[in-house]
Amino acid sequence: MIKTLLGQVKQYKGASLLTPLFTALEVLMEVLIPFVTAAIIDKGIEAGDINQIYFYGAIMIVMAFLSLLFGFLAGKYGAAASSGFACNLRQGMYENIQRFSFSNIDKFSTAGLVTRMTTDVTNLQNAYQMILRIAVRAPLMFLCSMAMCFFISAKLSLIFLIAIVVLAALLILIMSRTTKIFNQVFRKYDDLNASVQENVSAIRVVKAFVREDHENKKFTRAAENLYRMFVKAEGILAFNSPVMMLVIYGCIIALSWFGAQYIVVGDLTTGELTSMFSYVMSMMMSLMMLSMVFVMITMSTASGRRIAEVLEEKADLQNLDDPVTQIRDGSIDFDHVSFSYKHGSGEETLHDIDLHIKSGETIGIIGGTGCGKSSLVNLISRLYDVDSGAVRVGGKDVRSYDMEALRNQVSVVLQKNVLFSGTILDNLRWGNENATQEECIEACRQACADDFIESFPDKYNTWIEQGGTNVSGGQKQRLCIARALLKKPKILILDDSTSAVDTATDARIRRAFAESIPGTTKLIIAQRISSVQEADRILVLEDGRINGIGTHEELLENNSIYREIYDTQTKGGGDFDQPAAELTAKEGN
């Protein structure tokens, strides 16, 4: 974990090295100042020598200025190093997430990833800055102060050793109690973020079902769980300060008592005792700072482990050393394919799929919920890998292709349509960033999106809110189809992506496909038979297996599942209003 995290320091190594260097110089100046103070008292004030007071006073002023300068530089480089480290952590996680396959993404919750990139990174940033400064400053200050105390009086310094042993034992006891609590705190952060994210993204549903009170109570429970755990941890940590003060004041009392006796017998000067008081305070404060470092490290260890999980996660899908970058055509072959989301679990989503599709063919896919329709088409663009068998595109196994080249030629309109904040043109150009406005307009015409876009005041420069919340479901689907068409793919997959448009528009979209992209292989997943009945062939899936394949007429005659779906949808008067075949006939008149 540590190696993974430190690997993200990168260009901030210089600042990370300069910070402890300037911190050490700052400590050196602070340690020498009490020594000079003792000289002023003993050689200047008590001896009545004004020149010595001026001499050592000037030295003290120079040291104080240097201490201030070194402290400023340490703070400056420490802030740069820790902030840069945090920036690299976020960027490293984000870049690695972009390389994840769907199976990798399934391992992490969205809320968990958000917590890792925000709260966890902030904790690690604070810990890193403390390590660079306080974790260097405190031990150095402690050791130097202890050395100076032994230099002044070895006997009196034994008081500090006893105090340190007592203090260390108490701090270890406190820290051991809080470590376990902080390990659980950040899992509670995930629950809190999940509650917020789910509520905000589904706010329309919440209001439609008048569930505001329920959501408020759910969020309150998550917030209170976090509150209770922090109170428990901080309540234990609160003993740090009184324990520290008890030891410090005990040392001062003991030092005063024994120091006064040593001064009387002439074994110690007043200036030396004064400087020892300063060193005692420095040592104790160093221990206090170290306890703060331990607290922060305890908190950040859990955060660091969670961040390292994301950074160390390797994408399940990798390119070969010399991948194929050219795809011959849009032919697709499933060669006895079996697939499961958890490899080796025995719970197969698809079983022994043997299917061969010619380039330019239109294939309809229909079946009940959970029968494996989306899983089947996800294998074509290698969003997942098969358990056994092979999926071939253009005659070659999809695993032999460069994934970017493959996915550029396999355009998918997923079941869950997503638009991003930006103009309509910005969203369309996700399909082809170099597409001209004319090409975008043509793609929208084919997707039957041009009519509603032209009705907007800003037309193609209309701003789309995050997630496409300011357009309807059907409009969103048509924009996503247009975006996919701009890729000019060899294979176009529509995963139930016309479910929110009326039957007439659905028919117009399919007719536009037949006319404008006849050479593109088209796979249309649908719940409505009217959306697939004009396909060259229709595939019927049941429980991850091929139940039947053929034309609309052949399946009506030979396949009971297809015939049952057809009867259910048509006897009630058709999908939405009437079957697409009748609509097409009317439009042709």
Side-chain angles (χ1 to χ4, degrees), residues 327 329-330 359-364 377 380-381 404-414 417-465 468 470-526 531-532 534-536 580 583-584 587-588:
I327 300 175
D329 55 39
S359 183
E361 197 171 6
T362 298
I363 301 294
V377 297
I380 298 171
S381 54
E404 184 176 340
L406 174 65
R407 290 169 186 172
N408 274 331
Q409 292 299 319
V410 181
S411 198
V412 184
V413 183
L414 295 171
N417 298 286
V418 177
L419 295 175
F420 298 87
S421 55
T423 65
I424 288 177
L425 280 176
D426 292 336
N427 275 275
L428 293 173
R429 285 174 177 147
W430 273 66
N432 178 4
E433 61 182 356
N434 298 315
T436 64
Q437 183 160 340
E438 289 71 24
E439 289 174 323
C440 292
I441 292 173
E442 176 59 23
C444 288
R445 187 192 64 78
Q446 295 171 13
C448 296
D450 56 328
D451 52 352
F452 74 81
I453 294 175
E454 290 295 333
S455 68
F456 294 148
D458 294 327
K459 299 183 172 27
Y460 285 84
N461 291 313
T462 298
W463 185 264
I464 299 295
E465 301 294 341
N470 59 331
V471 292
S472 70
Q475 290 171 342
K476 189 188 299 185
Q477 286 186 337
R478 283 177 276 175
L479 287 172
C480 290
I481 292 171
R483 180 175 64 188
L485 290 174
L486 276 172
K487 293 179 73 172
K488 296 181 171 58
K490 287 186 169 64
I491 299 171
L492 175 64
I493 299 172
L494 304 178
D495 187 355
D496 202 18
S497 53
T498 58
S499 58
V501 302
D502 60 84
T503 318
T505 303
D506 187 12
R508 285 166 54 202
I509 292 172
R510 286 184 282 105
R511 188 169 65 249
F513 287 170
E515 295 171 355
S516 58
I517 50 171
T520 298
T521 304
K522 295 170 280 292
L523 282 75
I524 303 172
I525 296 176
S531 297
V532 299
E534 295 177 4
D536 297 321
L583 285 164
T584 306
E587 288 179 357

| Can you list the steps and then say if Lys487 with Asn408 is a side-chain contact (heavy atoms from CB on, under 4.5 Å)? | CA-CA 7 Å; Lys487 293 179 73 172; Asn408 274 331; 4.1 Å; yes

Heavy-atom distance under 4.5 Å between the side chains of [X] and [Y], does that happen here?
{"X": "Glu439", "Y": "Leu428", "answer": "no"}
{"X": "Leu485", "Y": "Glu442", "answer": "no"}
{"X": "Ile464", "Y": "Lys476", "answer": "no"}
{"X": "Thr362", "Y": "Ile524", "answer": "yes"}
{"X": "Leu479", "Y": "Asn427", "answer": "no"}

Check residues 449-458 and write down every donor-acceptor pair under 3.5 Å in which the side-chain atom is one partner and the other belongs to a residue at least two apart or another chain.
| unit_1 | atom_1 | unit_2 | atom_2 | d |
| --- | --- | --- | --- | --- |
| Ser455 | OG | Phe452 | O | 2.5 |

| field | Least distance between heavy atoms, Thr462 atom then Lys459 atom | value |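 Smallest heavy-atom distance, with atoms named: OG1-O, 2.6 Å.
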
| Given Cys440, which of Asn432, Leu486, Ile424 fulfils the side-chain contact (heavy atoms from CB on, under 4.5 Å) condition? |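 So, applying the side-chain contact (heavy atoms from CB on, under 4.5 Å) to Cys440 and each of Asn432, Leu486, Ile424, only Leu486 qualifies.
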
| Among Leu523, Ile491, Thr521, whose side-chain contact (heavy atoms from CB on, under 4.5 Å) with Val410 holds? |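 Among the candidates, only Ile491 passes.
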
Please check if the side chain of [X] supplies one atom and the backbone of [Y] the other of a donor-acceptor pair under 3.5 Å.
{"X": "Arg483", "Y": "Trp430", "value": "no"}
{"X": "Lys490", "Y": "Ser359", "value": "no"}
{"X": "Arg407", "Y": "Ser381", "value": "yes"}

| task | Check the pair Ile525 / Val377 against side-chain contact (heavy atoms from CB on, under 4.5 Å), numbers first and verdict last. | result | CA-CA 9 Å; Ile525 296 176; Val377 297; 3.7 Å; yes

